[in-house]
Amino acid sequence: MGERLLLRGNEAIAEAAIRAGCECYFAYPITPQAELLEHMAKHMTRLGRTFVQAESEVGAINMVYGAAAAGVRAMTSSSSPGISLKQEGISYLAGANLPAVIVNIVRGGPGLGNIAPSQCDYFQATRGGGHGDYRTIVLGPSTVPEAGELTMLAFDLADKYRIPVMILADGLLGQMMEPVELPDPVDVRSLPEKPWALTGAAGREPNLVHSFDMDPEGLRQLNRDLQAKYEHIAKEETRYELLETADADMVIAAYGTIARIAKSAIRMARAEGIKVGLFRPISLWPFPSEPLRDLTQHAKTVLTVEMSAGQMHEDVRLAVAERAATPFYGETGGVVPTPRAILNEVKKHVL
């Protein structure tokens with residue numbers, strides 16, 4: 001059994017990263033993820049690991065690139081506008097087949113926006129927010145304990161596939177406190193070897209880590225290899241939760257904090273005899289399209305609820321493919337829908 005602690009979401013992610021064997025953390029302060037940086041500042045140096053408050057977000061992500069190339073577990077974190085500044089570096093990580101963990105505690109946008117919770121970075125996260133044909137694995141926790149669990153998983157997936165992995169959580173989840181049971185720290189000596197890493201070439205041929213190839217044929221082959229990797233990930237790494245879907249006439253599709261609020265709305269609806277269930281994607285990419293599509297064999301409506309103008313809604317519509325009605329309810333600017341508001345939206349679409 002691991003240690004049981006009362007932590008904010010930001011702290012749970014930071015502590016899970018430490019226990020997952022994160023050796024290097026580089027970031028620049030921004031609300032509402034400041035506690036994550038503060039936790040790392042307090043504990044990384046105490047453990048003899050590397051903590052750097054970089055001069056900028058651009059500096060931080062390029063430090064992650066360097067540490068990842070050296071074969072150590074590396075992480076950065078920020079919030080929406082800060083993540084935007086990191087996009088070039090994330091693209092470089094993907095192009096160089098480097099593992100890294102990136103945390104985005106999302107705030108209201110666009111532009112500088114505000115510090116209220118939002119889900120308006122879904123497109124940026126799931127479509128590869130920088131240049132080039134690339135993807136990142138994106139995981140969306142809905143509780144503080146799950147934020148810790150998915151952070152541990154993120155490091156394993158990053159190493160397994162040599163890919164950047166993003167934790168996408170909203171500002172509300174970053175700030176709320178819940179009891180968390182974290183596992184014992186991993187022994188970094190037990191982690192898989194990384195023979196491709198830049199660790200010095202004494203006694204072997206030198207390694208090369210890069211994403212630059214002047215030869216179009218060479219760069220085409222890199223892209224083909226990346227796409228094959230993404231196809232494999234899409235088959236193997238989808239994660240989702242179902243609640244009360246077996247007899248549901250309507251399914252609410254929601255992730256993160258909104259999925260928690262939707263669960264309350266579903267209990268209220270069930271109390272009134274309305275058969276509603278929940279589909280919660282945990283992997284936002286790869287999106288679990290087939291499990292959602294299967295629900296339309298009996299559910300005639302899939303209502304997407306988000307704290308955005310309808311970004312995940314596009315993936316829901318692609319998955320459902322006109323097999324069911326796909327209405328949308330969203331709030332923007334940091335406004336958080338209430339269970340009653342979601343219930344009222346459900347009632348609008350009851351057949």
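Treat the numbers as computed from the prediction; the structure is a model and nothing was measured.
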Are [X] and [Y] within salt-bridge range, i.e. N to O under 4.0 Å?
{"X": "R270", "Y": "D247", "result": "yes"}
{"X": "D315", "Y": "R127", "result": "yes"}
{"X": "K235", "Y": "E231", "result": "yes"}
{"X": "D156", "Y": "R73", "result": "yes"}
{"X": "K275", "Y": "E244", "result": "no"}
{"X": "E322", "Y": "K300", "result": "no"}
{"X": "D184", "Y": "R19", "result": "no"}

Task: From F212 atom CZ to L219 atom CG, the distance as rounded to the nearest 0.5 Å - done: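 Between atom CZ of F212 and atom CG of L219 there are 9.5 Å.
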Spacing of T245 atom OG1 and M250 atom CE [to the nearest 0.5 Å]: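 One gets 14.5 Å once the value is rounded to the nearest 0.5 Å.
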Less than 6.0 angstrom separating the ring centers of Y122 and Y255, yes or no?
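Yes, close enough.
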query: If only atom types and distance count, is the side chain of E306 paired as donor or acceptor with the main-chain N or O of Q311 below 3.5 Å?
result: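 Checking the backbone N and O of Q311 against the side chain of E306, a donor-acceptor pair under 3.5 Å is found.
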Practice item. Without swapping roles, check the side chain of Q175 against the backbone of P32 for a donor-acceptor pair under 3.5 Å. Key: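 The answer is yes, because a donor-acceptor pair under 3.5 Å joins these two groups.
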Extract all donor-acceptor atom pairs below 3.5 Å that involve side chains of residues 163-174 and protein atoms in other chains or at least two apart in sequence.
residue	atom	partner	partner atom	Å
D170	OD1	L172	N	2.9
D170	OD1	L173	N	3.1
D170	OD1	T257	OG1	3.1
D170	OD2	T257	OG1	2.6

Would you mind reporting whether [Y] and [X] have side-chain heavy atoms less than 4.5 Å apart?
{"X": "T304", "Y": "T326", "result": "no"}
{"X": "E237", "Y": "K160", "result": "yes"}
{"X": "L208", "Y": "L198", "result": "no"}

Scanning both residues in full, the closest heavy-atom pair of A100 with L93 reads CB-CD1, 4.1 Å
Tightest non-hydrogen contact, residues R280 and G140, listed as NH1-O, 3.8 Å
| Under 3.5 Å side-chain donor-acceptor pair for S77 and Y25 | yes
Run the numbers on E272 and K347 for salt bridge (Lys or Arg N to Asp or Glu O under 4.0 Å), then give the verdict.
CA-CA 10 Å; E272 296 185 26; K347 292 179 177 179; 2.9 Å; yes
